[in-house]
Amino acid sequence: MIQKPRGTRDFLPEEMERRRAVEKRMRDVARCWGYREVCTPEFEELELFTARSGEGIIEEMYVFEDKGGRMMALRPEITAAVQRMYLNEARVTPKPLRWCYFADCFRYERPQKGRYRQFWQFGVELIGADTPVADTEVVMLARDLLQSSGVSFTLQIGHLGFMKALLSDMELKEQRILRRYLDKKDFDGLKGHLNAGGREDLYDSLTRLLECRSLDEITEITGKIPEHGRIEETLDLLDEMAVEYSLNPGIARGLDYYTGMVFEAFAYNLGAENQILGGGAYRLSHLFGGDDVPSSGFAIGFDRVMVSLGDSAGEPERVVGIVYTPEGKSHALRVARVFREAGLRTEIDIMGRNIGAQITHASKSAQFVAIIGKREQESGTVTLKDLNSGEQRELDLSSAVREVVTSGPRG
RNA sequence: GCCAGGGUGGGGUAGUUGGUUAUCCUAGGGGACUGUGGAUCCCCCGACCCGGGUUCGAGUCUCGGCCCUGGCCCCA
């Protein structure tokens with residue numbers, strides 16, 4: 001038998017309903033903040049992603065040659081595509097642009113808990129704004145989105161300016177190596193590398209920087225960096241808006257195009273892959289041949305959020321089963337239509353079962369059955385049976401609909 | 001790419017030192033049954049991940065692969 005591809009998943013209706021419910025809550029939050037949805041192609045020219053991240057990522061992507069001999073890649077993330085789209089389509093749109101997306105991405109990696117080869121990201125990009133309030137907005141939106149999903153998380157905020165200030169006289173390549181040691185908390189490796197480069201003077205300040213949890217502590221080590229005022233204002237605003245976060249100057253965010261504030265969120269019970277959000281301020285479009293535009297944004301690992309939420313069942317949907325005898329068939333079809341017009345999920349027997357078997361079947365998903373036989377057909381009524389209580393009454397059609405609509409969700 | 005543990009009907013399971021026709025539950029389909037059966041009774045469907053090897057004989061032992069679950073690496 002043919003299996004699904006490695007690292008992919010099938011979603012049955014129950015799980016899709018849970019996913020859609022969370023997705024809807026996130027969409028509603030984004031909409032209230034003024035972030036409107038955009039959509040980019042599922043695949044792009046390979047160069048879009050290598051320009052951003054280097055040739056190394058080819059091994060971790062789905063890359064293919066199309067019939068015209070072009071090298072293409074299934075998108076491994078969305079930010080680059082949104083920036084490309086901005087340059088292609090929206091350069092002259094009034095700033096700021098507030099965009100969001102919910103889209104699947106593909107990475108050719110070894111699957112493990114919370115890591116799949118096809119996965120979904122909910123993300124936002126704020127393009128053309130470069131102020132403390134803009135920084136505050138994306139962080140607050142990140143917080144609101146995660147909260148709306150119901151997941152438990154911690155938020156960490158950092159800024160690349162701190163480490164840059166300490167390493168300002170070093171080459172970019174060298175800075176990157178040191179950041180990696182720090183990110184891995186490999187202090188022996190860090191020390192060795194610094195000693196080899198004759199910069200053992202930096203060891204103390206770098207490791208102390210990672211311990212800092214307040215701007216004052218950081219400033220003692222780095223001095224007042226150029227962005228100090230802006231960072232201070234952003235953090236003050238976040239405090240005023242009661243956003244819970246911890247300051248973490250160690251956040252490095254792998255890539256070079258991040259320019260200022262960076263932040264990440266982590267969930268519990270996720271094992272090794274517990275990061276559920278990452279983002280920051282960046283400048284990317286010059287890599288694609290456009291004018292640079294200050295941007296910031298983040299992406300939520302939607303699947304990880306769902307894993308962290310677990311199987312906690314959402315509210316079950318109200319379902320009505322239409323049960324009928326052969327004499328009641330035409331009336332039953334009309335009744336079903338009325339229930340559907342009231343917005344209720346309504347299912348009718350199409351297996352030719354007898355009444356008892358119909359009730360048996362309906363009870364697997366429905367909370368109510370409407371029983372229709374010769375008597376109801378003649379009087380234009382329905383017999384509504386509440387499957388939870390077992391009670392039933394013969395009602396006129398509109399009363400029956402009202403009864404179901406006003407009933408609470410299944411208890 | 002590396003390490004550990006796994007893979008028996010759709011789901012969950014039993015399977016002894018290698019030995020008849022592979023166990024049970026559940027789900028699914030059919031029938032009896034024609035206004036209550038959210039039943040009951042009867043019947044049916046349906047599995048040893050794939051491929052080599054050892055053996056008279058492999059679900060069971062062995063090797064390789066695939067896949068799953070974790071972890072490492074990586075992480076945009």
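Per chain, numbering begins at 1; letters A, B, ... match sequence-line order. Bear in mind the structure is a predicted one, so any value in this text is a computation, not a measurement.
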Is [X] near enough to [N] that one of its side-chain N or O atoms lies under 4.0 angstrom from OP1 or OP2?
{"X": "A/R75", "N": "B/A76", "answer": "no"}
{"X": "A/T325", "N": "B/U34", "answer": "no"}
{"X": "A/Q112", "N": "B/G71", "answer": "yes"}
{"X": "A/R6", "N": "B/C68", "answer": "yes"}
{"X": "A/K364", "N": "B/G28", "answer": "yes"}

query = Pick one: which of A/L194, A/D188, A/D186 meets side chain to side chain contact (heavy atoms under 4.5 Å, CB included) with A/Y181?
reply =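 Of all the options given, the one that passes is A/D186.
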key: salt bridge (Lys or Arg N to Asp or Glu O under 4.0 Å) partners of residues 67-77 of chain A, not counting sequence neighbours, each pair once   =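 For residues 67-77 of chain A: A/E42-A/R75, A/R52-A/E77, A/D66-A/R70, A/R75-A/D104.
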For the side chain of [X], counting heavy atoms from C-beta on, which of [options] is nearest?
{"X": "A/I355", "options": "B/G29, B/A76, B/G37", "answer": "B/G37"}
{"X": "A/I371", "options": "B/U36, B/C74, B/C75", "answer": "B/U36"}
{"X": "A/K113", "options": "B/G70, B/U34, B/G28", "answer": "B/G70"}
{"X": "A/E273", "options": "B/U34, B/C74, B/G35", "answer": "B/C74"}
{"X": "A/T383", "options": "B/A76, B/G35, B/C74", "answer": "B/G35"}
{"X": "A/R353", "options": "B/C74, B/G29, B/G35", "answer": "B/G29"}
{"X": "A/R110", "options": "B/G71, B/A76, B/G35", "answer": "B/G71"}

task = State whether the distance check finds a donor on one side and an acceptor on the other, under 3.5 Å, for side chain A/E376 versus base B/G35.
result =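 Present.
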task = Could you tell me whether the side chain of A/R9 has a donor or acceptor atom within less than 3.5 Å of a complementary atom in the base of B/C68?
result =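 Flag unset: no donor-acceptor pair detected.
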inquiry  = For the backbone of A/V319 and the side chain of A/Q367, can you confirm whether one donor and one acceptor N or O come within less than 3.5 Å of each other?
reply    =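 Between the backbone of A/V319 and the side chain of A/Q367 there is a qualifying donor-acceptor contact (under 3.5 Å).
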Is [X] touching bases, backbone alone, or none of the nucleic acid, heavy atoms closer than 4.0 Å?
{"X": "A/G390", "value": "base"}
{"X": "A/E109", "value": "base"}
{"X": "A/G7", "value": "sugar-phosphate"}
{"X": "A/Q275", "value": "nothing"}

message = Centre-to-centre under 6.0 Å for A/F119 and A/F302, is that the case here?
response =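 Not close enough - the centres of the two rings lie 6.0 Å or further apart.
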Charged N-O contact under 4.0 Å between A/E217 and A/R213 =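 Looking at A/R213 together with A/E217, the answer is no, because their closest N to O distance does not fall below 4.0 Å.
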query = In terms of side-chain geometry, is the basic nitrogen of A/R230 or A/E233 positioned less than 4.0 Å from the acidic oxygen of its partner?
reply =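 Result for this pair is no, no salt bridge flagged.
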Pairing check on [N]: which nucleotide meets the Watson-Crick or G-U wobble criteria with it, both distances under 3.5 Å?
{"N": "B/A47", "answer": "none"}
{"N": "B/G70", "answer": "B/C3"}
{"N": "B/U20", "answer": "none"}

task = Quick one: list whatever passes side chain to side chain contact (heavy atoms under 4.5 Å, CB included) with A/P326, sequence neighbours left out.
result =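 Checked A/P326 against side chain to side chain contact (heavy atoms under 4.5 Å, CB included); zero matches.
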task = Between A/Y116 and A/I372, just flag the one whose closest nucleotide in RNA chain B comes earlier from the 5' side.
result =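 Result: A/I372.
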[N] [atom2] sits how many Å from [X] [atom1], rounded?
{"X": "A/E125", "N": "B/A76", "atom1": "CD", "atom2": "C1'", "answer": "12 Å"}
{"X": "A/R117", "N": "B/U69", "atom1": "CZ", "atom2": "P", "answer": "12 Å"}
{"X": "A/M351", "N": "B/C33", "atom1": "CE", "atom2": "P", "answer": "19 Å"}
{"X": "A/I251", "N": "B/C75", "atom1": "CD1", "atom2": "C1'", "answer": "15 Å"}
{"X": "A/D349", "N": "B/G37", "atom1": "CG", "atom2": "C1'", "answer": "14 Å"}
{"X": "A/R375", "N": "B/U36", "atom1": "CZ", "atom2": "C1'", "answer": "11 Å"}
{"X": "A/D186", "N": "B/C73", "atom1": "CG", "atom2": "P", "answer": "11 Å"}
{"X": "A/F298", "N": "B/C75", "atom1": "CZ", "atom2": "C1'", "answer": "19 Å"}

Measuring only the [atom1] atom in each nucleotide, how far is [N] from [M]? A whole number of Å is fine.
{"N": "B/G9", "M": "B/C45", "atom1": "C1'", "result": "9 Å"}
{"N": "B/G7", "M": "B/A47", "atom1": "C1'", "result": "12 Å"}
{"N": "B/C67", "M": "B/C75", "atom1": "P", "result": "24 Å"}
{"N": "B/G31", "M": "B/G19", "atom1": "P", "result": "42 Å"}
{"N": "B/C72", "M": "B/G10", "atom1": "P", "result": "34 Å"}
{"N": "B/C2", "M": "B/A76", "atom1": "P", "result": "23 Å"}
{"N": "B/A22", "M": "B/G15", "atom1": "C1'", "result": "7 Å"}
{"N": "B/U54", "M": "B/U60", "atom1": "C1'", "result": "14 Å"}

task = Kindly compute the distance separating CD1 (A/I218) from CD1 (A/I225), expressed to the nearest 0.5 Å.
result =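 Atom-to-atom, A/I218:CD1 and A/I225:CD1 are 8.0 Å apart.
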